[in-house]
Amino acid sequence: MSPQVTTRFSLREVAELTGLSEFTLRGWEGRYGAVTPLRTETGRRLYRTEDVVRLNLLRDLVALGHRIGDIAPLGELRLRSLLSSPHSEETALTETPKVIRKIFEGGERFAWSEISRTLEKERNQRSGEDFLNSVLLPFLRELNRRIALGRISISLEHIYSSLMKEELARLRAHPHSRKKASSRFLLCTPEGDHHELGLLIAYTALSLRGISSLYLGPHVPKQELCETALRYGASHILLSSTLKHGEGPVEDPLKLVSFLTRHLPQFSQLWVAGRGFQDLTSPDSERVRHLQSFEALMDLLPGMK
Ligand code: B12
């Protein structure tokens with residue numbers, strides 16, 4: 001009889017199998033007790049197959065909007081029933097606006113001219129801001145959800161991202177509002193972070209509201225940012241970061257904000273947003289504001305002087 005082989009996985013292997021980063025895996029274990037892997041004599045983690053199954057379930061539920069702290073204590077049966085409960089993917093799909101479903105159905109068939117027509121029709125029926133809030137942002141949310149669930153191939157992901165960028169550029173090309181605000185925004189992502197979609201959305205929102213802005217784009221060194229803020233006379237710096245410290249080559253957000261509050265011109269306010277700044281909920285300077293969402297950004301813009 002052959003000896004029984006029990007498969008064990010290292011932290012790196014589990015990261016590859018689940019698509020969760022090593023940082024997230026350690027966090028879910030340490031903070032929420034999501035799984036308790038075995039340990040080698042030297043203290044390295046060894047995961048069982050059932051740990052990987054459990055982590056995949058937790059990952060899918062988090063992508064559907066559940067909080068890890070709420071679901072981490074639940075057993076496998078309960079997790080499975082949650083996946084097929086009213087918050088299941090099917091329900092999320094039927095709750096998705098019809099136009100968004102049409103875009104994704106078209107994308108599956110590579111029917112790009114059909115998608116263009118659908119978007120054009122929506123664009124013509126709505127104001128720029130309504131198109132942004134009711135079509136583009138829900139489209140992005142659904143796209144992120146599908147990516148997190150592993151439902152989108154890499155090429156489709158790239159095509160959808162380009163589509164989003166084109167639509168945003170189109171909105172900016174036809175501003176619906178004349179320049180009226182005296183504010184001057186400077187937009188960028190921190191050095192090391194190349195994710196610029198969130199920044200482009202904000203740039204488009206500012207343009208639709210007639211607010212002057214200078215788009216520096218992604219990966220801007222902090223010293224350069226401070227210098228440009230001074231030369232441009234920026235009333236606001238909008239800094240968006242998607243990468244979390246430890247998961248990419250970006251500086252600790254606390255240290256970055258502390259540097260900026262010391263070196264930005266006194267007349268500039270600093271607004272930070274995106275998941276890279278998620279943990280910076282109450283910055284300790286009055287000049288710094290943390291924006292939780294695009295809705296929060298839009299709410300802040302109208303009354304600006
Ligand atoms: C597109 C993408 C890329 C593209 C970026 C292209 C571009 N020019 O923007 C490319 C291919 C370059 C890329 C590279 C990498 N990526 Co990437 N990427 C993504 C992806 C698929 C979408 C991110 C995005 O743009 N979302 C759009 C924004 C608007 O949505 P959101 O991030 O959910 O933000 C929400 C809020 O935070 C808020 N918000 C966000 N920004 C802003 C801005 C303002 C002003 C406001 C008010 C609100 C706001 O609103 C959003 C909706 O609620 C995500 C996966 C995902 N599903 O999110 C991974 C993801 C962000 N990437 C990730 C990683 C790790 C990388 C790489 C390190 C991968 C690698 N190993 O090479 C590199 C890093 C490159 C670098 N140095 O920056 C991780 C980040 C993990 C973490 N928590 O830090 C993610 C989450 C994937 C994953 N699950 O592992 N990536």
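Just the heavy atoms: all of them, side chains too, but no hydrogens, waters or symmetry mates, feed the values below. Atoms within a ligand are numbered from 1 in the order they appear, just like the ligands themselves.
When only non-hydrogen protein atoms are considered, atom 80 (C) of ligand 1 lies nearest to Leu243 CD2, 3.8 Å. With respect to atom 49 (C) of ligand 1, the closest heavy atom belonging to the protein is Phe294 CZ, 3.5 Å. The protein atom (non-hydrogen) at minimum distance from atom 56 (C) of ligand 1 is Arg275 NH2, 3.6 Å. Nearest protein heavy-atom contact of atom 78 (O) of ligand 1 is His194 N, 2.6 Å. Scanning all protein heavy atoms for the shortest distance to atom 25 (O) of ligand 1 gives Leu197 CB, 3.4 Å.
Side-chain atoms of Arg126 and Ser134, non-hydrogen and from C-beta on, do get closer than 4.5 Å to each other. Here the side chains of Ile68 and Leu61 are not in contact, with every heavy-atom distance at 4.5 Å or above.
A distance of 12.5 Å separates CZ of Arg141 from CZ of Phe139, quoted to the nearest 0.5 Å. Of the inter-residue distances, the one linking Glu196 atom CD with Ile201 atom CD1 reads 11.0 Å to the nearest 0.5 angstrom.
For atom 82 (C) of ligand 1, the protein comes within 4.0 Å by at least one heavy atom. Distances from atom 33 (O) of ligand 1 to the protein include at least one heavy-atom value under 4.0 Å. Distance check on atom 8 (N) of ligand 1: some protein heavy atom falls below the 4.0 Å cut-off. For atom 70 (C) of ligand 1, the nearest protein heavy atom lies 4.0 Å or farther away. There is a protein heavy atom less than 4.0 angstrom from atom 44 (C) of ligand 1. For atom 54 (C) of ligand 1, the protein comes within 4.0 Å by no heavy atom at all. Distance check on atom 19 (C) of ligand 1: some protein heavy atom falls below the 4.0 Å cut-off. Counting protein heavy atoms under 4.0 angstrom from atom 14 (C) of ligand 1 gives one or more.
The aromatic rings of Phe185 and His236 lie parallel to each other, their planes meeting at an angle below 30°, with 60° marking the opposite boundary. Between Tyr215 and Tyr203, the two ring planes are parallel [angle under 30°; tilted spans 30° to 60°].
Tyr47 does not carry Arg8 over the face of its six-membered ring by the limits of under 6.0 Å from the centre and within 45° of the normal. Cation-pi geometry between Arg48 and Phe9 is not met: the NZ or CZ atom fails to fall both under 6.0 Å from the ring centre and inside 45° of the normal.
The contact set between ligand 1 and Thr242, taken as ligand atoms under 4.0 Å from a residue heavy atom, comprises 32 (O), 61 (C), 84 (O). Distances below 4.0 Å separate heavy atoms of Ser240 from the following atoms of ligand 1: 41 (N), 43 (C). Per-residue contacts place Asp193 under 4.0 angstrom from the following atoms of ligand 1 (heavy atoms of the residue considered): 78 (O).
Of the options His219, Lys244, Glu247, the smallest heavy-atom separation from atom 68 (C) of ligand 1 is shown by Glu247. Of the candidates Gly19, Ala202, Ala273, Ser162, the one placing a heavy atom closest to atom 90 (O) of ligand 1 is Gly19. Nearest residue to atom 22 (C) of ligand 1 from Asn144, Leu140, Leu297 is Asn144 (criterion: closest heavy atom). Considering Ala296, Ser21, Ser293, Gly274 only, the shortest heavy-atom separation from atom 40 (C) of ligand 1 involves Gly274.
Within the 4.0 Å heavy-atom criterion, the part of Glu157 lying near ligand 1 is the side chain and not the backbone. With a 4.0 Å cut-off on non-hydrogen atoms, Gln292 does not touch ligand 1 at all. Counting heavy atoms under 4.0 Å from ligand 1, residue Thr24 does not touch it at all.
Look at Glu167 and Arg123 and you find a salt bridge, because one of the NZ, NE, NH1 or NH2 atoms lies within 4.0 Å of a carboxylate O, short of that distance. The pair Glu105-Arg101 does not count as a salt bridge, with every side-chain nitrogen at least 4.0 angstrom from each carboxylate oxygen. Between Glu142 and Arg146, at least one side-chain N (NZ, or NE/NH1/NH2) sits under 4.0 Å from a carboxylate O, which counts as a salt bridge.
Linking ILVMFWY residues whenever their side-chain heavy atoms come closer than 4.5 Å, directly or via other members, leaves Leu260 and Leu230 in distinct clusters. When hydrophobic clusters are built by joining Ile, Leu, Val, Met, Phe, Trp and Tyr residues whose side-chain heavy atoms come closer than 4.5 Å, directly or via intermediates, Leu11 is not grouped with Leu38. Using a 4.5 Å cut-off between side-chain heavy atoms of Ile, Leu, Val, Met, Phe, Trp and Tyr, with links allowed through other members, Leu46 and Val52 fall into different hydrophobic clusters.
Taking atom 17 (Co) of ligand 1 as reference, His195 places its N/O/S atom NE2 nearest.
The closest approach between any non-hydrogen atom of Lys165 and ligand 1 is below 4.0 Å. Residue contacts with ligand 1 include Gly192, since one of its heavy atoms falls under 4.0 Å from the ligand.
Thr228 and Arg231 are not linked by any side-chain donor-acceptor pair at a separation below 3.5 angstrom, with hydrogens and angles left out of the test. Side-chain atoms of Asn56 and Arg59 include a donor-acceptor pair closer than 3.5 Å.
Considering backbone and side-chain atoms together, Glu196 places an N or O closer than 3.5 Å to an N or O of ligand 1.
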